Structures are given as structure tokens and as C-alpha cells.
Amino acid sequence: MATCLRLPMASSIPCSSSSSMTLKHRSFNIRCAAYSNSSSNIPMPPFNPKDPFLSKLASVAANNPDALFSRPQNSDMPPFLDIYDSPKLMATPAQVERSVSYNEHRASTPPPDLPSMLLHGRIVYIGMPLVSAVTELVIAELMYLQYMDPKAPIYLYINSTGTTRDDGETVGMEAEGFAIYDSMMQLQNEIHTVAVGAAIGQACLLLAAGTKGKRFMMPHAKAMIQQPRAPSSGLMQASDVYIRAKEVIVNRDTLVKLLAKHTENSEETVSNAMRRPYYMDSIKAREFGVIDKILWRGQEQEQIMASVDAPEVWDNKAGIKVADAI
């Protein structure tokens, strides 16, 4: 019994059962030709040759078109997935190609670390005792900022106990502080120094060595100057101990001269203050010449603090004697 194949152009071609396979192939070619003629002006999406599903579908369409047009009417399988030997509804993550919209907001490089972000704002932060690793980083950052712009200011934030720890134990050589100081003096840029937390010993020298008029201190920060300390001599012989002691005295005299220069005090005044650890709050540090301004949020706070009596005046009013005078 003859059968007929319905073509897209609403025409029918009679055929016998013996030549049904030939007519099916002819029908597929006519379908493709008709579709190509009717959709010549329709923009087609780009074909991805790496897509495994589309590649398999194109291969089946070229070799066995009946598998595409002879579809079962009632099938639980999604369209065209039965052409696979082991169909899967989702490819593995390694086979999925991420689109541009998924990756367009992702960083192509790792995010910078915090010191690098501060350096981008021309900020150098000293937040540790002055050991060799800290000195190396600070000097490198200062040189880099001058290289990037020899006219823009550099902001040096200081929260350091100098070459000692908080308990007084020596952790670094005095040369570490002098190395940073000499680098600051060689720069062409203005250096704005800001004390946050503590500036002790050599760190106090770095605070005072900032550009005149650009030395600041937080309201509750502390500054302290003290004599350099000799590291533990251990089992050294007497001559070695004597050599080290002479070097400590030389460092002390150098520190006194530099502090006297930047605080505009006499060397005798600085030397007398350094006989014992000399702590200064923000107001006393400004009076001593270590800083120029206190970083208040408003001028009213500075006026209020300026009108407050010094701690020694409060002690005298309360009848408390100074410990050194006892």
C-alpha cells in the first residue's frame, strides 16, 4: 500500500513501500533545502564546535536522519537525549563551558594584600618593633613612593615600641631606627608622621623627624624617649662587653643630638629627660616639640584639652609629691 510523505511545501509525492527508505532520504534533503531557503534571512546563533551535545546531534543528522524525524509520540525522555548510549541530563562541571556573563565580574588576578593597598594611598605603616625585616620593608616602600611621585607627600603611621619590646627586652639594633631616619632625610617628598598607639625610643625619633608642621599624634597615643639598651652580653669576655658598652653610649649621644635637633630643645634638656623613661601624652609631646598638632575631630576638643591643667599641677593641688623629689 502506497504511503505519502508530507513536505514543507504542502506537496505530496506518492511512493511504494519498497522505495520508502529512498523517499525518506529525499524528503530529508527537501526539508533541509526548504528550511535553508525560508530561514536565509533569519539570524542564527553561533555554533560551538566544542559543545558535545550539538556535535553528537550533527553527526546523527548526517548519518541517520530517521533518528531525528521518527520521534516517538509518548516518551519520558527529553528530546534528542535518546541518541546517546548513556544519556545524562547534566554534563559534568569539567564539560560545562562558563559563559562570559558568569566571569565578567570575577577578578583575573588575586586581590592585593593590605600593605599594598595602603601603599597605593601613599601610606607607610610601622606597626611592629624595628627589626631588620620591618626596616627593609619600610625603606623599600619609601624609595618606591619617591620613585612614583617625588612631589606628593608620604604619610608615615607609627605604632611601634622601637628596638625594644613592651617589657624592655632588646629585639633590634639601634641601627635599624637610624637606617629609616637617614632614608627619610634623603627623600625629596614631604613626610607626614602620625603616632597611633605608641612611639617609643627610636620610633619617637621617627615621629619627630617628619616635616615641620606635619607631625601629628592621636589624642590617646603615647610617646616615650629612653636611652638605648645594650643586648645581653651572655658569656662574653670583659673586653667585648666594654666595646658594646661604648657603642651603646655612642648611639645614646646620637639619639640625643637628633632629638634635640627636631624638637628644638637643647641637648642637655633632652639628655636629662632621657635619664629615665620619659612618657608623653599628646599634649606633653606637643609641648616638648615631638609633634606639631593633635588630630582632633573638632577645634572645640583641642580648646578644652588646652585649658586642662597639666598632671603636675593637679598633683600639687592635691598635695601629692613627685616620686623623683622624695
Side-chain angles (χ1 to χ4, degrees), residues 124 126-131 134-135 138-139 142 154-166 168 170-187 189-218 221-231 245-295 310-312 324:
V124 178
I126 304 177
M128 295 179 62
L130 300 181
V131 295
V134 175
T135 303
V138 171
I139 293 178
L142 292 175
I154 299 174
Y155 304 93
L156 181 62
Y157 284 74
I158 302 173
N159 181 22
S160 173
T161 57
T163 56
T164 61
R165 294 195 313 185
D166 190 29
T170 302
V171 294
M173 299 176 59
E174 298 297 320
E176 307 294 344
F178 293 144
I180 299 177
Y181 171 82
D182 290 339
S183 300
M184 294 171 59
M185 295 298 102
Q186 294 297 323
L187 297 181
N189 310 70
E190 285 189 354
I191 300 181
H192 300 192
T193 55
V194 183
V196 289
I200 297 175
Q202 292 278 359
C204 186
L205 171 63
L206 302 181
L207 173 63
T211 303
K212 191 67 175 179
K214 305 296 183 180
R215 303 171 302 175
F216 306 97
M217 197 170 183
M218 293 294 182
K222 292 289 182 181
M224 189 264 278
I225 54 177
Q226 62 181 355
Q227 296 187 22
R229 297 169 182 261
K246 288 178 59 177
E247 183 63 21
V248 171
I249 294 175
V250 171
N251 291 334
R252 181 200 63 185
D253 295 340
T254 304
L255 183 60
V256 169
K257 291 180 181 180
L258 296 178
L259 283 173
K261 171 185 176 182
H262 292 285
T263 60
E264 298 181 353
N265 291 315
S266 63
E267 294 183 11
E268 182 181 0
T269 301
V270 176
S271 179
N272 292 333
M274 285 177 54
R275 287 182 178 178
R276 301 299 299 171
Y278 186 69
Y279 286 90
M280 296 172 283
D281 58 9
S282 56
I283 297 178
K284 187 179 291 186
R286 183 176 58 181
E287 295 174 355
F288 196 78
V290 176
I291 62 171
D292 301 304
K293 297 179 182 179
I294 305 173
L295 289 179
E312 293 80 5
D324 296 338

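Predicted model only: the values in this text are computed from it and were never measured.
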Discussion item. My understanding is that only residues two or more places apart in sequence, or in another chain, count here; which of them pass side-chain contact (heavy atoms from CB on, under 4.5 Å) with A179?
Written reply: T135, I139
Worksheet entry | Check: Q226 and T164 side chains under 4.5 Å, non-hydrogen atoms | yes
Worksheet entry | Qualifying residues under ring pair (Phe, Tyr, Trp, His ring centres under 6.0 Å), relative to F216, sequence neighbours excluded | none
Worksheet item: If you count the non-hydrogen atoms of other residues, nucleotides and ligands that lie under 6.0 Å from CE in M184, is the total more than 12?
Response: yes
Item to complete: Determine, step by step, whether L207 and V290 satisfy the side chain to side chain contact (heavy atoms under 4.5 Å, CB included) criterion, reporting the C-alpha distance in whole Å, the side-chain angles of both residues, the deciding distance to 0.1 Å, and the verdict.
Response: CA-CA 7 Å; L207 173 63; V290 176; 3.7 Å; yes
Fill in: Rounded distance [0.5 Å steps], OG1 in T193 versus CD1 in I154
12.0 Å
Worksheet entry | All side chain to side chain donor-acceptor pair (under 3.5 Å) counterparts of Y157, not counting sequence neighbours | none
Discussion item. Between I294 and R286, is there a side-chain heavy-atom distance shorter than 4.5 Å?
Written reply: yes
Worksheet entry | Contacts of Y278 that satisfy ring pair (Phe, Tyr, Trp, His ring centres under 6.0 Å) - sequence neighbours left out | F288
Worksheet, complete the sentence: Smallest heavy-atom separation, L130 atom then A203 atom, equals CD1-N, 4.3 Å
Worksheet item: Which distance, rounded to the nearest 0.5 Å, do you find between the CG of N272 and the CG of N265?
Response: 11.0 Å
Worksheet item: Of all heavy-atom pairs between A273 and I225, which one has the smallest distance, and what is that distance?
Response: CB-CD1, 4.2 Å
Fill in: No-hydrogen, no-angle side-chain donor-acceptor test under 3.5 Å, S266 and T269
yes
Worksheet item: Which pairs count as salt bridge (charged side-chain N to carboxylate O under 4.0 Å, His left out) when at least one residue sits in residues 263-285, sequence neighbours excluded?
Response: K212-E264, K284-E312
Discussion item. The criterion is side chain to side chain donor-acceptor pair (under 3.5 Å); which residues satisfy it with S271, sequence neighbours excluded?
Written reply: none
Fill in: M128: partners by side-chain contact (heavy atoms from CB on, under 4.5 Å), with sequence neighbours left out
V134
Discussion item. Tell me which pairs pass salt bridge (charged side-chain N to carboxylate O under 4.0 Å, His left out) where either residue lies in residues 174-183, with sequence neighbours left out.
Written reply: none
Discussion item. Quick check for you: to the nearest 0.5 Å, what is the distance between S282 atom OG and E287 atom CD?
Written reply: 10.0 Å
Worksheet item: Where is the tightest heavy-atom contact between M280 and C204, given as atom of each residue plus distance?
Response: CE-SG, 4.3 Å
Item to complete: Kindly indicate, with the supporting measurements, whether the criterion side chain to side chain contact (heavy atoms under 4.5 Å, CB included) is fulfilled by M218 and V194.
Response: CA-CA 7 Å; M218 293 294 182; V194 183; 4.3 Å; yes
Worksheet item: How far apart are the closest heavy atoms of P277 and M224, and which atoms are they?
Response: CB-SD, 3.9 Å
Practice prompt. Calculate, to the nearest 0.5 Å, the distance between atoms CD and OG belonging to Q202 and S160 respectively.
Written response: 9.5 Å
Practice prompt. Measure the spacing between CD1 of I283 and CE of M217 and express it to the nearest 0.5 Å.
Written response: 10.5 Å
Discussion item. With ring pair (Phe, Tyr, Trp, His ring centres under 6.0 Å) as the rule and sequence neighbours excluded, what pairs involving residues 191-211 come up?
Written reply: Y155-H192
Worksheet entry | side chain to side chain contact (heavy atoms under 4.5 Å, CB included) between K293 and R215, worked out | CA-CA 7 Å; K293 297 179 182 179; R215 303 171 302 175; over 6 Å; no
Discussion item. My understanding is that only residues two or more places apart in sequence, or in another chain, count here; which of them pass side chain to side chain donor-acceptor pair (under 3.5 Å) with N189?
Written reply: none
Worksheet item: Are V270 and M274 side-chain neighbours, meaning at least one heavy-atom pair lies under 4.5 Å?
Response: yes
Worksheet entry | Test log, rule side chain to side chain contact (heavy atoms under 4.5 Å, CB included), inputs V124 and V138 | CA-CA 7 Å; V124 178; V138 171; 4.1 Å; yes
Worksheet item: Minimum heavy-atom separation for S183 to L142, with atom names?
Response: CB-CD1, 4.5 Å
Practice prompt. Would you please name every residue forming a side chain to side chain donor-acceptor pair (under 3.5 Å) with T211, sequence neighbours left out?
Written response: none
Fill in: Minimum side-chain heavy-atom gap P129-T163 below 4.5 Å
no
Could you give the side-chain donor-acceptor pairs of residues 248-261 under 3.5 Å, partners two or more places apart or in another chain?
residue: N251; atom: ND2; partner: E247; partner atom: O; Å: 3.3
residue: T254; atom: OG1; partner: V250; partner atom: O; Å: 2.9

Fill in: Shortest non-hydrogen contact from L206 toward G177
CD2-O, 3.8 Å
